[in-house]
*Asks:* 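First the structure, then my questions, so here it is.
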Amino acid sequence: DYTTNTMTIDQIHQSFSHDGSVPLMTLSSPSGAAQYASLRASLNGIDDDYVFPFDLSSYRKIAIDPFSTHKLSPTQLTDIQHNINLCRDVIVYFTSCGSASGYGGHTGGAFDTVPEVCLMDAFFRACPDRFLPVFYDEAGHRVATQYLMAALDGYISPEFLRFYRKGGSHLPGHPELGLTPGIQFSSGRLGHMWGTINGIAMANPDKVVFMLGSDGSEMEGNNAEAARLAVAQNLNVKLVLDDNDITITGHPSAYLKGFVLEKTLSGHGLETVLTVDGEQVEELYEAMRRSVVASGPTAVVCKRSMAPGITGVEATSQGHDAVAIQYAIPYLEARGHVKAAAYLKLATKTSDPHPYQGTGKSDAMRKVVGQTVVDILSTLDPEERKSSVMVIDSDLGGSTNFNKIQAAFPEIYVQSGVMERGNFAAAAGFGMHPSKQGVFSTFAAFLEMCCSEITMARLNRSNVFSHFSHSGVDDMADNTCHFGINNMFADNGLEDGYDTKLYFPCDPLQAAKVVQRTFPLIGTSTSNDGSKSTFTNKGLRFVFTTRSKTPILLKEDGETPVYGDGYSFVPGKDEIIRECGSDGHGYIVSFGDAVYRCLDAVECLKKEGIHVGLINKPTLNVVDHDMMERIVAQSAGSAGICLVVEPLGKKTGVGSKFGSWLMETEHAQKGGALPRFGHIGTHREGGGGLWEQAYHQGYDSVSVQTKIKEMLGKKRTGIGIGDDDDDDDEIKLKLK
C-alpha cells in the first residue's frame, strides 16, 4: 500500500545472487525512515508537502507466456502500453531530479528500453520456472530501470527515487550488488556483461537468460569473445539490443562505418538475429517471442531514436545524460504530471560546504589539458602536425576535452567508438616511429582494461601521450565501477623498460605546465633562473585529471598562485607547498585533488599550534631521492610523522609503495630513525554523490586533521565523514 508506505515485497525478480541482508529503503522500516530523513535534511524544508507524484500501484503486473502466446491480445497490448507510458514518465521524472540537483545521470537509455523491459517482466511472471527473472543490462548507466523495478517490487519506497545519485541515497549511477535493496547484479563498464551472462547461463542451463544491450556496448572487444563462446556452447542467452545510433560524441553510422549490429552478430555465428522497430510493441513482442523459443543464443535489435517523444532531446546525444529540466518540465506537463514538473523547479542543488583555506578560483583540469594540447599543436607546421601526431578517442572526447583537438585539427583526429583496448593499441602503433606519437584519452577507470596493450606498447618502444580524466573518486556519482583508482597499473613494466611516466597535477595552472613539459616529443624549457634547455619526451606518458573542478593553490600570502608565473614543471621532482619548519612535526605527501584538502588541513592545524609541511608529488611513479632524504631528516624521531594522502586506491596507490621508499633512503640504510608513517586513500566502495565521495573515503580536510592528531598522539577533536570509526552509510554533514 503506497499511501501508507507499508509495502509487501514482490519476490518475482529475485535470483541466486539476491542479497537479503541489504536493508530495505522503505519509509516503514526504521533504517529506511532514518535514511530518508537524512536525505531530506539537505533540502532545508522546501519539500515539506512532498508526495510522490505518480501512482506506482497502477502498474499492471500482467503475465504473458511467450511459448504459447503467438500474438498479443488487445487487452494485453493495452496493458503493456499502459506500463510503458507509466515507466517512461517516472524515469524522466526521477532522472531529471538528478539533473536539477546537479548529480546528473542518464535518462535516454533506460527510457528507450522500457518496452522490452515491460515485455520481459510479463514473461517472467508467466513462466518463472523457465526464465532467470533478472533484467541484466550491460549498459549499467541505464540503472534507472533497476531502481524503478526495485520500487515496483517494494524494496524501495518511491519517495527515495528523487534522490537519484545523491550521496548517501544508495542510488548511485550504476547498479551495485549489496548496496541497493532489490539489485541483483553489478554493471557499468561497457562490454563486461555478456561474458558474465554466458557463465550465468552455464550455471542455469534450464533457464532462458536475457541481457539488455546497446549498439555502444557491442563495440567493445569483450563482446566478440563472449559471442563466440555463446555460439560454440549453444548457450540459452537472449540479447535485446537498443540500437539508437547515438553515443556520447555522435552517430556510429557516421564515425564508425562498417559497424552494423546485425552483421557483426551474424558474423560471430548467431543464427537468429531479428531487427525490429522498438517502438512498435506488437512487432517487438513477435521478435522477442521468436528469440525465446529459438535454440541457443539469439539477438533482437531494436531500432529507435534516442529518447523518442521527448521534444528537444529525441535523436540527440543529450538523451544520454539526465534530461535537462528545460526539456523534462514541458514533457511532464504535457503528459499531465504537473506536480512532478513543479518539483523539478525547486532549488535542490548541493555543494561542499567546507571553505578551503589557501585556495583561489576553481577550474576543471581535464579541460585545461585538452586546451593546452591544442595550444601546443597550433605551434607546429601543418604538414609536420599531420605526419607526426594522431589523436584517437573512445567516444569520450567531450569529457576529456579532446573534442577541442577535433574542432581545431580534424585532420589528425580519429573519432572512434567504445573500444579502449584497440584504440590505445592504434595510438601505440602510430607512435612506434621514433618521430611520431599517438595521443589517447578516456576515463581512468578504463585504464585497467588497457594494461596488456600498455605492456606491448612499452615493448614496442612506442611514444604515446595519454590523458585519463575522471581519476580518483571526486565527483564520481557513477560510483565504484567508474572509480579511477588503479592508475599505478600503467607503470607495469620493468626497471630497464622503455620510459613510462605517470603525472597527476593538483590544480589547473599546474595541469597546463605539466602538459607543456610532457606532450612535445622534443621541446625547449626555461628554468627558474631564465636559462633554456632542450628536452625530449620519449615513451609512454600518462596525465591524470579529476572529473571535478579543483581550486588554484595559493602561497602563504593568500594571493600568489603556487603554480603561476615563474614556475616550471620538472618531471620526477616533488614540490613543497608548505614548509615543515624547524619546529615542525613532519610532512603530508599528496597529489591530485587531495592536495587542496590537505592544504586546508595544514592551515587549520597551524592555528592549533601543530606545524606540518605539505609536499605535492605530481610524478607518481618516480622516487625523488632528494625529497625523500629531506622528509626523513626533518620528520625522523618519535615526534615525527609522514602521512600520504591520495585519491587513488589504498591497495595499489602511491602510499602502498611510499613506506618502502622511506626505508630505502640513505638515512634509513645508515640506521637513522624513520618517521611514523600513515596512509589515507580510497579504501571502500563508493557512497554515491559528487563531493561527498572524498568524505566517504576519509581524505577530506577534517579527516586528515584527525589522522595527523592521532599520529602525534593528540586528542581527537572531530571525525570526518567516512572516517573508519564512522558507521556510515549516512552522510552526517549538515548542509548549510
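Only this structure's heavy atoms are used, side chains among them; waters, hydrogens and symmetry mates stay out.
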*Asks:* Show your working on side-chain contact (heavy atoms from CB on, under 4.5 Å) between Leu43 and Arg162 and close with a plain yes or no.
*Replies:* CA-CA 12 Å; Leu43 300 179; Arg162 61 186 169 130; 3.5 Å; yes
*Asks:* Quick one, His470 and His482 - any side-chain contact, counting heavy atoms below 4.5 Å?
*Replies:*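 The answer is no, as the side chains (C-beta and beyond) never meet within the 4.5 Å cut-off.
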*Asks:* Keeping Glu692 on the side-chain end and Gly168 on the backbone end, is there a donor-acceptor pair under 3.5 Å?
*Replies:*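 Side chain of Glu692 to backbone of Gly168: no pair is present.
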*Asks:* Strictly by modelled atom types, are Ser525 and Ser533 linked by a side-chain donor-acceptor pair under 3.5 Å?
*Replies:* yes
*Asks:* Does the gap between the ring centers of Phe465 and His467 come in under 6.0 Å?
*Replies:*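 Not under 6.0 Å, so no.
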*Asks:* Can you list every pair that meets salt bridge (Lys or Arg N to Asp or Glu O under 4.0 Å) and has a residue in residues 561-574, with sequence neighbours left out?
*Replies:*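 Every pair satisfying salt bridge (Lys or Arg N to Asp or Glu O under 4.0 Å) with a residue in residues 561-574: Lys573-Asp624, Lys573-Asp626, Asp574-Lys617.
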*Asks:* Could you check His106 against His320 for ring pair (Phe, Tyr, Trp, His ring centres under 6.0 Å), going step by step and ending with a plain yes or no?
*Replies:* CA-CA 6 Å; His106 302 279; His320 176 78; 4.6 Å; yes
*Asks:* Can you check whether Thr180 reaches Leu171 side chain to side chain, under 4.5 Å on heavy atoms?
*Replies:*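 Thr180 vs Leu171: side chains touch.
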*Asks:* So which heavy atom on Cys506 is nearest to which on Leu553, and how close?
*Replies:* SG-CD1, 3.5 Å
*Asks:* Is it true that Gln357 and Tyr596 share a donor-acceptor pair across their side chains at a distance under 3.5 Å?
*Replies:*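 No, because no side-chain N or O of Tyr596 sits under 3.5 Å from a partner of the opposite role on Gln357.
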*Asks:* Between Ser548 and Trp691, does the side-chain contact (heavy atoms from CB on, under 4.5 Å) criterion hold? Intermediate values first, please.
*Replies:* CA-CA 8 Å; Ser548 61; Trp691 53 270; over 6 Å; no
*Asks:* Can you tell me how far apart CG (Leu39) and NE2 (His170) are? Round to the nearest 0.5 Å.
*Replies:* 8.5 Å
*Asks:* Quick check: closest heavy atoms across Glu556 and Lys606, and the distance to 0.1 Å?
*Replies:* OE1-NZ, 3.3 Å
*Asks:* When you measure from the side chain of Arg547 to the backbone N and O of Met476, does any donor-acceptor pair fall under 3.5 Å?
*Replies:*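 The answer is no, because no donor-acceptor pair under 3.5 Å joins these two groups.
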*Asks:* About how many Å separate CG of Leu179 and OG of Ser169, when rounded to the nearest 0.5 Å?
*Replies:*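 Here the rounded value is 8.0 Å.
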*Asks:* With a cut-off of 6.0 Å (strictly less than), are more than 12 heavy atoms of other residues, nucleotides or ligands near NZ of Lys538?
*Replies:* yes
*Asks:* Is there a donor-acceptor pair under 3.5 Å between the side chain of Asn492 and the backbone N or O of Ile454?
*Replies:*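 Side chain of Asn492 to backbone of Ile454, a donor-acceptor pair under 3.5 Å: no, none is there.
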*Asks:* I'd like to check the side chain to side chain contact (heavy atoms under 4.5 Å, CB included) partners of Thr480; sequence neighbours left out, ordered by chain and number.
*Replies:*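 Expected list: Glu176, Phe483, Glu685.
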*Asks:* Assess whether salt bridge (charged side-chain N to carboxylate O under 4.0 Å, His left out) is satisfied between Asp499 and Lys501, documenting all intermediate values.
*Replies:* CA-CA 7 Å; Asp499 200 22; Lys501 292 289 194 303; 2.8 Å; yes
*Asks:* Could you check if a side-chain atom of Phe542 sits within less than 4.5 angstrom of a side-chain atom of Thr500, using non-hydrogen atoms only?
*Replies:*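 Phe542 vs Thr500: side chains touch.
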*Asks:* With heavy-atom distances below 4.5 Å as the criterion, would you say the side chains of Gln697 and Lys650 are in contact?
*Replies:* no
*Asks:* Indicate yes or no: at least one non-hydrogen side-chain atom of Val543 is less than 4.5 angstrom from one of Met365.
*Replies:* no
*Asks:* Kindly state whether the ring of Phe544 and the ring of Phe591 have centres lying under 6.0 angstrom apart.
*Replies:* no
*Asks:* What are the two closest heavy atoms between Pro520 and Asn537, and how far apart are they?
*Replies:* O-ND2, 2.7 Å
*Asks:* Looking only at the side chains, is there a donor atom on one of Tyr413 and Asp393 sitting less than 3.5 Å from an acceptor on the other?
*Replies:* yes
*Asks:* Applying side-chain contact (heavy atoms from CB on, under 4.5 Å), run through Ser441 and Phe468 and close with a yes or a no.
*Replies:* CA-CA 6 Å; Ser441 74; Phe468 284 87; over 6 Å; no
*Asks:* Any side-chain heavy atom of Thr546 sitting closer than 4.5 Å to one from Arg366?
*Replies:* no
*Asks:* Please answer whether the main-chain N or O of Lys367 pairs with a side-chain N or O of Asn401 as donor and acceptor at a distance below 3.5 Å.
*Replies:*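 Yes; judged by distance alone, with no hydrogens or angles, the pair exists.
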*Asks:* Applying side-chain hydrogen bond (donor to acceptor under 3.5 Å, both in side chains) between Gln693 and each of Asp474, Asp700, Thr682, Asn479, report the one that passes.
*Replies:* Asn479
*Asks:* Is a donor on one side and an acceptor on the other found under 3.5 Å between the side chain of Arg421 and the backbone of Glu453?
*Replies:*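 Not a single qualifying donor-acceptor pair exists.
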*Asks:* Can Thr348 and Lys166 be counted as having a side-chain donor-acceptor contact under 3.5 angstrom?
*Replies:* no
*Asks:* Evaluate Leu396 against Phe446 for side-chain contact (heavy atoms from CB on, under 4.5 Å), listing each step before the verdict.
*Replies:* CA-CA 11 Å; Leu396 293 173; Phe446 309 145; 3.9 Å; yes
*Asks:* Considering all heavy atoms of both residues, which atom of Lys555 and which atom of Val562 are nearest to each other, and what is their separation?
*Replies:*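 In terms of heavy atoms, the two residues are closest at N-CG2, 3.7 Å.
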*Asks:* When rounded to the nearest 0.5 angstrom, what distance separates OG1 in Thr524 from CZ in Arg517?
*Replies:* 10.5 Å
*Asks:* Can you spot which of Leu377, Asp375, Thr372, Val369 makes a side-chain contact (heavy atoms from CB on, under 4.5 Å) with Phe519?
*Replies:*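 Result for side-chain contact (heavy atoms from CB on, under 4.5 Å) with Phe519: Leu377.
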*Asks:* Do you know the tightest heavy-atom contact between Leu712 and Ile641?
*Replies:*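 Leu712 and Ile641 have their closest heavy atoms at CD2-CG2, 3.8 Å.
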*Asks:* Checking the side chain of Asn486 only, and the main-chain atoms of Phe489 only, is there a donor and an acceptor separated by less than 3.5 Å?
*Replies:* no
*Asks:* Does any N or O in the side chain of Thr359 come within less than 3.5 Å of the main-chain N or O of Pro551, such that one atom is a donor and the other an acceptor?
*Replies:*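 Checking the backbone N and O of Pro551 against the side chain of Thr359, no donor-acceptor pair under 3.5 Å is found.
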*Asks:* Where the side chain of Ser703 meets the backbone of Tyr699, is there a donor-acceptor pair that is under 3.5 Å apart?
*Replies:*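 It does not hold such a pair.
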*Asks:* How many angstroms lie between CD1 in Ile631 and CG in Leu662, if you round to the nearest 0.5 Å?
*Replies:*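 Spacing of CD1 (Ile631) from CG (Leu662) equals 6.5 Å.
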*Asks:* Could you tell me whether the side chain of Arg165 and the main chain of Gly98 form a donor-acceptor pair under 3.5 Å?
*Replies:* no
*Asks:* Between Arg189 and Glu420, does any side-chain N to carboxylate O distance fall below 4.0 Å?
*Replies:*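 Looking at Glu420 together with Arg189, the answer is no, because their closest N to O distance does not fall below 4.0 Å.
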*Asks:* Can you measure from OH (Tyr103) to CG (Asp478) and round to the nearest 0.5 angstrom?
*Replies:* 14.0 Å
*Asks:* Going by distance alone, is a donor N or O of one side chain under 3.5 Å from an acceptor N or O of the other, for Thr249 and Asp395?
*Replies:*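 There is such a pair (donor and acceptor under 3.5 Å, judged by atom type) between the side chains of Thr249 and Asp395.
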*Asks:* Do Ser471 and Thr545 have side chains that get closer than 4.5 Å, going by heavy atoms?
*Replies:* no
*Asks:* Once you round to the nearest 0.5 Å, how far does CE of Met627 lie from CG of Asn616?
*Replies:* 9.5 Å
*Asks:* Nearest heavy-atom pair of Leu502 and Ala490: which atoms, and what distance?
*Replies:*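 Minimum heavy-atom contact is CD1-CB, 4.2 Å.
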*Asks:* Between Lys709 and Leu605, is any pair of side-chain heavy atoms under 4.5 Å apart?
*Replies:* yes
*Asks:* Answer yes if the side chains of Thr550 and Asp593 hold a donor-acceptor pair under 3.5 Å, and no otherwise.
*Replies:*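 On atom types as modelled, these side chains do not qualify, holding no pair under 3.5 Å.
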